[in-house]
Each structure stands twice: as C-alpha cells, then as structure tokens.
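A short write-up of the structure that comes next.
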Protein chains: 2
Amino acid sequence: MKGGTVTVRDTPTGWNSEPAGAEPRGRPRGRPRSEAVEQAILEGVLRLLEGGGTLSSLTVEGIAKAAGVGKATIYRRWPGKEALLLDALATLDNDPLPETGSGSVRDDLVRLIEFVRQRGVSKRESELLRLVTSEVMCHPDLSQQYHDRFIAPRREALRQVLVRGIDSGELRDDIDLELLGDLFAGPMLMRTVLHQWAALPEDLPERIVDAVLDGVRKK
Amino acid sequence: MKGGTVTVRDTPTGWNSEPAGAEPRGRPRGRPRSEAVEQAILEGVLRLLEGGGTLSSLTVEGIAKAAGVGKATIYRRWPGKEALLLDALATLDNDPLPETGSGSVRDDLVRLIEFVRQRGVSKRESELLRLVTSEVMCHPDLSQQYHDRFIAPRREALRQVLVRGIDSGELRDDIDLELLGDLFAGPMLMRTVLHQWAALPEDLPERIVDAVLDGVRKK
DNA sequence: CGATTAACGAAACGGATCGTCTCGTATCGT
DNA sequence: ACGATACGAGACGATCCGTTTCGTTAATCG
C-alpha cells in the first residue's frame, strides 16, 4: 500500500476517469499503449471466469499468463484486481437499456426485468456478476463505483417508468417510490444473484410484474 | 490441500457433525478441549468484523492474535476460515423463528419479514452477514452448507405460511409457491444484503406485505 | 503417585499470491 | 538518431495460508 514508482499515466477504461480537461492534451511522448493488450487482458479475465473458479483462483499472475502479458502491464492500467473486474464486467454489460415510455407501464416493467433476467441466463455474465458482487460487497470504495456505474442507471430507468405509472394513474401513489422499485426488482435480483441454482424461465418477468401489480390476495 | 497430520478429532459446533452414533462414546482420553478457547475464537471473529474490515483483512493469524490462541488451535476445530465464519454466524443467528399459524396469514408474513429486518439493523450481524454472503457466493460447497443451515429453515417457514394462506383462501392459488416466496422475501433481502446503505424503518415489513398482498395497481 | 494422552501457545516452515521493481527490448514522436 | 514510454520476463520482499514441531499443561487410567 506504500507509494511506488509505477506511474499510471492514464486509464482508458475509466476506473479513475480524470474529470477535468485531461483528454485534449497532446498525445503522450513515448510508445503508446497497445489496445490489443488491453482487450487480451479483459478477454483473459472472462476466459478464466468461464471455468467457474472461485474468486481466489482468479489471480493476477494467472490473468497475465492467460493474456500472455506481464504483470506490470496489468498494474500499469488498473490499481488492482477489483478495478479490473469492474472493467471486465463493463465489457459484457454494454447493452443499452431497453426503450421505455412507448407503450403501457406494465410492458415497460416487464422489459426492464427481462433485461435483468438476460444477465442471469448467460453463463459468462452470470459467473462474472457473481464474483464481482461478492468482491464488491467487501470493498466499500468499489461498492460506490459499482453502484454508480451499474446499479444507478438501472434504478433510474426503473424509477422513471414508475413515476410515469404514478402520473398516468396506473400505479398507486401512496407507496414509496423506492419500495415500489424493490417490489419489482427484488424477486428477480434475488434469483440471479443470491441463489444461482434457481431457474429463470422466460415468462418470469411477466409473472413477477403481474403478481406485484394485481396483488397476491385472493379476491 | 494435500493430506496432513492434524487430526480433527471432533467438532463441537457441527460443521461436519458426525451423523452416526459417535456421541455416546466415553470421554476421550487426553486433555479435553477448552470451551473457553472455543468461545474466545468465535468472539474474536466477531470483534474483528465490527471494525468493518474487508474479507481479506480477516486472516486466520489475526483471529488467533485477537483470541489469544495459536493458529493450530483454530485448525484443530475448523477446516478453514470459511467454516469458521459459518459457525460464527450461527452464534448470532440462534434466535428461534417467530411463531406462525396463530393469527392471520398477513400477520405471520409480517412477523417473518420483521425477523429478517432484525438481522439487518444489527450492525454486528449485518457486517457478518455481508461477509459470509460474499464468501459463500464463491465457494460452491459452502454455499450448500449455508443454504441448508440458514436459508432452508427460513424458506420452509415462509412456505408453510403461504400454503396455509392458499388453503384458507387468503392467497391466490394460481401463483407458483416459489415465486410467491420471492415476492415477499426479495424486497427485504435486497436491502439487507445487496445495498446496505438503505434504511430499514420499523414499518417496512408491514408495507412490503400489504403492498404485495393488495397489489400496486391503482384501483 | 506416575504414565499416558491430547490440547494448548508459540513459532517456524514451504507454498502461493500480491504489488513493486529492474532488466533488456520494442515502438512511438521529435 | 534520440529520448520517452510500453512491453514481456522475472526477481524481490511482504503477507497469508495450512502444516508441523516443540515444550508445556490438563485431564484420564493404572
């Protein structure tokens, strides 16, 4: 944890994206970083994860070996294993959020939850999500970054749909917005993250949304 | 991971409780294990966790130091850090499940979810639960033990209440039992495990249960 | 009482990984 | 050509794991 000499000149993928005008400065002097190396490292991480290894089995040296690079090359780009995991997650998680606001609020909710389900059914993404979540839960600083980059946009999209539903009179206006979101997202996240052995049938989003909308009390 | 000479003679707390008649044999010959040491180790784990350390900060050597014991004494009782964590969790998690079946199904559901909320509001239990969950998610074998010891009993209690509700006509009978459980438990577990920064007000269980029962669609 | 048996604290060991650092080489701009 | 920087390879000290040894302590058995 003490100061070192390895200088992280810049970070292409943005784990510590410099906020102020750092981009428009001229190209740095020496040999530029290889984009191929960048992708080889991220691809190596994903490849190692497909074997369903434990978190401790994903070592930096193993990543370097799998990617055919030196360790220093990894530490030149990321401050540690955790930030690298976050960027690896980002390479899988770049699908755009589904369009909302066109049809009924009910269909928008189904679309958003189906989007979450898709993460769970993909073996590769599921394994990665599981490890990242477990890693993030122990690192408060990473927890913040993970929340900002991955959780917050989804929660915001869900929130907008819910606000639209309240305004249009389709949803009750006497329930906390946050609670409302958890009612819809909780059941699906529970299956994708907590117990991965649960099945994720195609119609699960529909069933969740309709059950939460209509209530489970026998009329 | 290779075979060793340290023989685990017996395991008081039951991480590998011998199923067959092993208990009624006469007292073993030599010096018995100190119960005080047992509790000192578990207490040391809990004390280290209150500082909100990352999972890697909870080292076996640190536990031994905190408890004032030797490392071998820990490995004499538990096969590794993970199993020790599970037993430490058990020392906090020995409150009996709330009584159900007396009044309305709605009140039973509130009681069960309030029971989950209590885990989340206790700082000590919350931290421990967070670390154990993260540890468990990476160890398939531990995941099984964790599920059997902690998850399954709660799910079973919830399931019984739901079955009673269906039989008595209070709950719809056209929804999967498993989905029904996730609808109630998901929102609360989401807050206690996934984002620990969320508030857990006292009336949250009531609000969850009533919202899921009545539905969130505007009538 | 004395012998036996096993747990105890302390400490050392080999192995693995981390994060840093140093080489010699390769590739860029000037 | 030259300086600057990234690259792969690998050594380094530090830390932790899980095992093992050592001398001591506490219980049972004869």
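Residue numbering restarts at 1 for every chain, and letters A, B, ... go by the order of the sequence lines. Keep in mind it's a predicted model, so treat the numbers as computed, not measured.
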Nearest-Å distance, [atom1] ([X]) to [atom2] ([N])?
X	N	atom1	atom2	result
I63(B)	dA10(C)	CD1	P	16 Å
L55(A)	dA16(C)	CG	P	19 Å
L58(A)	dA16(C)	CG	C1'	15 Å
E35(B)	dC8(C)	CD	C1'	15 Å
R76(B)	dC17(D)	CZ	P	17 Å
I74(A)	dG8(D)	CD1	P	9 Å
Y75(B)	dA11(C)	OH	C1'	15 Å
E82(B)	dC16(D)	CD	P	16 Å

Counting side-chain heavy atoms from C-beta on, which of [options] comes nearest to [X]?
X	options	answer
T73(B)	dC18(C), dC21(C), dG9(C)	dG9(C)
V37(A)	dC18(C), dC7(D), dC17(D)	dC7(D)
R29(B)	dC8(C), dC29(D), dG18(D)	dC29(D)
R33(B)	dC18(C), dT20(D), dA7(C)	dA7(C)
P32(B)	dC16(D), dT19(D), dA27(D)	dA27(D)
R77(B)	dC17(D), dC18(C), dC8(C)	dC8(C)

State, to 0.1 Å, how close [X] and [Y] come at their nearest heavy-atom pair, and which atoms those are.
X	Y	result
L86(B)	Y146(B)	CD2-N, 4.1 Å
A198(B)	E178(A)	CB-OE2, 4.4 Å
V45(A)	A88(A)	CG1-CB, 3.9 Å

ask   = With the threshold set at 4.0 Å, does a side-chain nitrogen-carboxylate oxygen contact exist between K65(B) and E61(B)?
value =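 Not counted as a salt bridge, because no side-chain N and carboxylate O are separated by less than 4.0 Å.
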query = Hey, does G62(B) reach any base, or is it just sugar-phosphate, or nothing, if we go heavy atoms under 4.0 Å?
reply =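 Counting heavy atoms under 4.0 Å across all strands, no contact is made by G62(B).
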request  = Could you tell me whether S34(B) contacts a base, only the sugar-phosphate backbone, or nothing, with contacts defined as non-hydrogen atoms closer than 4.0 Å?
outcome  = sugar-phosphate
key: 5′-ward residue of the pair A67(A)/E61(A) relative to DNA chain D   = A67(A)
inquiry  = Under 3.5 Å, is there any donor-acceptor pair linking the side chain of R31(A) to the base of dA26(C)?
reply    = yes
task = Classify the side chain of K71(A) and the base of dG19(C) as holding, or not holding, a donor-acceptor pair under 3.5 Å.
result = yes
ask   = Okay, side chain of R117(A), backbone of L200(A): is any donor-acceptor separation there less than 3.5 Å?
value =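 Looks like yes, one N/O pair under 3.5 Å.
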